[in-house]
Amino acid sequence: MLELQTPRGLPVFVPETDDEDPSPKFDVNDIKGFRRYYEENGYAVVRGLFTPTQCDGLRELWDREVKPHRGFMYRQATAKVERHITNAQGWIMNPILNPQSVDPHHFPDFRAYATKEILAEARLNAVFTGLLQDTPKIVQAIYFEGNSATWEHQDSYYLDSETVGEMAAGWIALEDISARAGRFFICPGSHKIELDAHAVHNSIAENHERYIVSVVRRIQAAGLTIRAPKLNQGDVLFWNAWTIHGSLDTQDAAKSRSSMTCHAIPKGKRFLQMQSRTLDLVTVQVKNTHIYRPKDLQRWRNKAIFFVESHLPRLFYWVKKRAIIYVLKHKSV
């Protein structure tokens, strides 16, 4: 068992073996037991939901199509277009935002596989259906290879269902995740604590740090424990939109943490963005799952916006920041 710290210095014990891990692992067919634990703790882990073949298939396409790319792509941490940032091992350190939306000209097989074989996977659909009590609508996905530590937060601050706290998410281990690779961490029971809503005083545009500090203080005040479950290839950790979570810093630069996250709301509900705007999303149905493609680069309008972001970033992001502030000041949910 390793004793580490979260990005903001909170203590967390990280299990190196299954015997050390206090988080139970559920069979994909035990939806009832899984849901009971999820509702009580705000998270739960399903063992072996994806096969090694499925996981390796996506990683192979990542190596073949994404890693050699020298252009811009949308990134998770900043939501901006950036080129790859790699470490000494050649791993991409700035995660890719929404693999289902990447340019099909450059990444045809990666985009198709991530959509059909991962996001629309029947067993993933079944778990999300059990949690949401409706057909899932995937509203966001992220692909990680190298680890970028993520601060303590609730997803609801950024995105959610119009019924706040309803969204569910899953973190898919595409390889065995070492205890030193920067594990995903979770605060059991934190979904029962209502944090400050997204507003001007703590907005992502100008006062994001104030929001992060408030989350850390709430963890300390409530005496919440922090867990970093041991995940093997194919395991999926599911959590609630109000559950506080993040990812630890890497302790061994030789360890990757190939993984993918996805966020889902009920098909019959609208999407809530920054707790400020409700949106009716246009989705595509793939198998039994409805999938939203934010900034879909198969569409010419989005290609034009992407071009402006790539070539006039300072102007574009200044305008975007002003727009976010305006929406927060005039929000009507």
Under the side-chain contact (heavy atoms from CB on, under 4.5 Å) criterion, do Val164 and Leu272 qualify, and how do the steps go? CA-CA 8 Å; Val164 177; Leu272 179 63; 3.6 Å; yes
Dump the intermediate steps for salt bridge (charged side-chain N to carboxylate O under 4.0 Å, His left out) on Arg35 and Glu39, then the final yes or no. CA-CA 6 Å; Arg35 183 177 174 84; Glu39 290 177 347; 2.9 Å; yes
Apply side-chain contact (heavy atoms from CB on, under 4.5 Å) to Leu237 and Val45, showing your working. CA-CA 4 Å; Leu237 188 156; Val45 178; 3.9 Å; yes
Should His245 and Asp155 be marked as a side-chain hydrogen bond (donor to acceptor under 3.5 Å, both in side chains) after you check the CA-CA gap, both sets of side-chain angles, and the distance that decides it? CA-CA 8 Å; His245 64 284; Asp155 282 337; 3.3 Å; yes
Set out, in order, the CA-CA distance, both residues' side-chain angles and the distance that settles side-chain contact (heavy atoms from CB on, under 4.5 Å) for Lys295 and Arg301, then state yes or no. CA-CA 9 Å; Lys295 301 181 179 179; Arg301 177 179 179 274; over 6 Å; no
Please report the C-alpha distance between His153 and Tyr158 in whole Å, then the side-chain angles of each, then the deciding distance to 0.1 Å, and finally whether the side-chain contact (heavy atoms from CB on, under 4.5 Å) criterion is met. CA-CA 9 Å; His153 68 282; Tyr158 308 94; 3.7 Å; yes
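The side-chain contact (heavy atoms from CB on, under 4.5 Å) check on Ser259 picks up Phe144, Trp171, Arg257, with sequence neighbours excluded. Residues forming a side-chain contact (heavy atoms from CB on, under 4.5 Å) with Ala179 (at least two apart in sequence, or on another chain): Leu2, Val14, Glu16, Arg183. Residues passing the ring pair (Phe, Tyr, Trp, His ring centres under 6.0 Å) test with Trp62 are Phe110, Tyr143, sequence neighbours excluded. Applying the side chain to side chain donor-acceptor pair (under 3.5 Å) criterion to Asp249, with sequence neighbours excluded, gives no partner residue. Applying the side-chain contact (heavy atoms from CB on, under 4.5 Å) rule to Glu60 yields the partners Asp56; only residues at least two apart in sequence or on another chain are considered. Partners of Phe128 according to the ring pair (Phe, Tyr, Trp, His ring centres under 6.0 Å) rule, which considers only residues two or more places apart in sequence or in another chain, are Phe238. Looking at residues two or more places apart in sequence or on another chain, you find a salt bridge (Lys or Arg N to Asp or Glu O under 4.0 Å) between Arg8 and Glu209. Not counting sequence neighbours, the partners of Pro7 by the side-chain contact (heavy atoms from CB on, under 4.5 Å) test are Ala149, Glu152, Phe185.
Clustering of Ile, Leu, Val, Met, Phe, Trp and Tyr by side-chain heavy atoms under 4.5 Å joins Met1 with Phe13.
With respect to the salt-bridge test (charged N to carboxylate O, under 4.0 angstrom), the residues Asp18 and Arg47 qualify. With respect to the salt-bridge test (charged N to carboxylate O, under 4.0 angstrom), the residues Lys255 and Glu175 do not qualify.
The salt bridge (charged side-chain N to carboxylate O under 4.0 Å, His left out) pairs that include a residue from residues 127-145 are Lys67-Glu145, where partners are two or more places apart or lie in different chains. Within the structure, side-chain hydrogen bond (donor to acceptor under 3.5 Å, both in side chains) contacts touching residues 21-32 (residues at least two apart or in different chains) are Asp21-Lys25, Ser23-Tyr43, Asp27-Asn29. Listed by first then second residue, pairs satisfying side-chain hydrogen bond (donor to acceptor under 3.5 Å, both in side chains) with a partner in residues 94-109 read Arg75-Asn94, Glu82-Asn94, Asn98-Gln100, Asp103-Lys303, not counting sequence neighbours.
In this structure, Gly57 and Tyr113 approach most closely via the heavy-atom pair CA-OH, 3.8 Å. Nearest heavy atoms, Pro136 versus Thr289: O-CG2, 3.9 Å. Closest of all the heavy-atom pairs between Pro99 and Ala141 is CD-O, 3.6 Å. Leu231 and Ala173 make their closest contact through CB-CB, 4.0 Å (heavy atoms, listed as atom of the first residue, atom of the second, distance). The shortest non-hydrogen separation linking Glu166 to Ser161 is OE1-OG, 2.7 Å. Of all the heavy atoms in Ile31 and Gly130, the pair that sits closest is CG2-CA, 4.4 Å.
If you chain together hydrophobic residues whose side chains sit under 4.5 Å apart, Val102 and Met93 never meet in one group. Residue Val28 is grouped with residue Leu174 when hydrophobic side chains (ILVMFWY) are merged at heavy-atom distances under 4.5 angstrom, including chains of intermediate members. In terms of hydrophobic clustering, with Ile, Leu, Val, Met, Phe, Trp and Tyr side chains grouped at heavy-atom distances under 4.5 Å, Val284 and Ile138 are assigned to a common cluster. No chain of hydrophobic side-chain contacts below 4.5 Å, direct or via other Ile, Leu, Val, Met, Phe, Trp or Tyr residues, connects Val216 to Val213.
With contacts defined as side-chain heavy-atom distances shorter than 4.5 Å, the pair Phe307/Ser310 does not qualify. At least one side-chain heavy atom of Phe50 sits under 4.5 Å from a side-chain heavy atom of Val236. Under the 4.5 Å side-chain criterion, counting only non-hydrogen atoms from C-beta, Arg111 is in contact with Asp296. The side-chain heavy atoms of Met73 and Val66, taken from C-beta on, include a pair separated by under 4.5 Å. In this structure, the side chains of Leu119 and Met260 come closer than 4.5 Å at one or more pairs of heavy atoms. Using a 4.5 Å heavy-atom threshold, the side chains of Gln233 and Asp176 count as touching. With a 4.5 Å cut-off on side-chain heavy atoms, Leu49 and Asp235 do not count as touching. His84 is not listed as a side-chain neighbour of Phe72, based on a closest heavy-atom distance of 4.5 Å or more.
A donor-acceptor contact shorter than 3.5 Å links the side chain of Gln54 to the backbone of Thr51. Between the side chain of Glu121 and the backbone N or O of Arg123 there is at least one donor-acceptor pair closer than 3.5 Å. The backbone N or O of Ser258 lies less than 3.5 Å from no partner atom in the side chain of Ser256, so there is not a single donor-acceptor pair. Distance alone, capped at 3.5 Å, places no donor-acceptor pair between the Thr86 side chain and the Trp91 backbone. No donor-acceptor pair under 3.5 Å is formed between the side chain of Ser190 and the backbone N or O of Thr243. Of the possible polar contacts, none joining the Asn232 side chain to the Ile177 backbone as a donor-acceptor pair under 3.5 Å is found. At least one donor-acceptor pair closer than 3.5 Å links the side chain of Gln154 to the backbone N or O of Trp242.
Ring-plane geometry between Tyr211 and Tyr157 is classed as parallel, the angle between the planes falling under 30 degrees on a 0 to 90 degree scale with a further cut at 60.
Separation of atoms CE (Met167) and CG (Asp160) is listed at 5.5 Å; rounding is to 0.5 Å. In this structure, SG in Cys55 is found 6.0 Å from CD1 in Ile118, a value given to the nearest 0.5 Å. Atoms CG and CD, on Leu281 and Gln273 in that order, are 9.0 Å from each other to the nearest 0.5 Å.
Each of Leu124, Leu131, Asn125, Thr129 was scored for a side chain to side chain contact (heavy atoms under 4.5 Å, CB included) with Val127, with one residue passing: Leu131.
Defined by atom type and a distance below 3.5 Å, a donor-acceptor pair is present between the side-chain atoms of Lys269 and Thr163.
Ring to ring, Trp239 and Tyr38 are not that close: their centroids are 6.0 angstrom or more apart.
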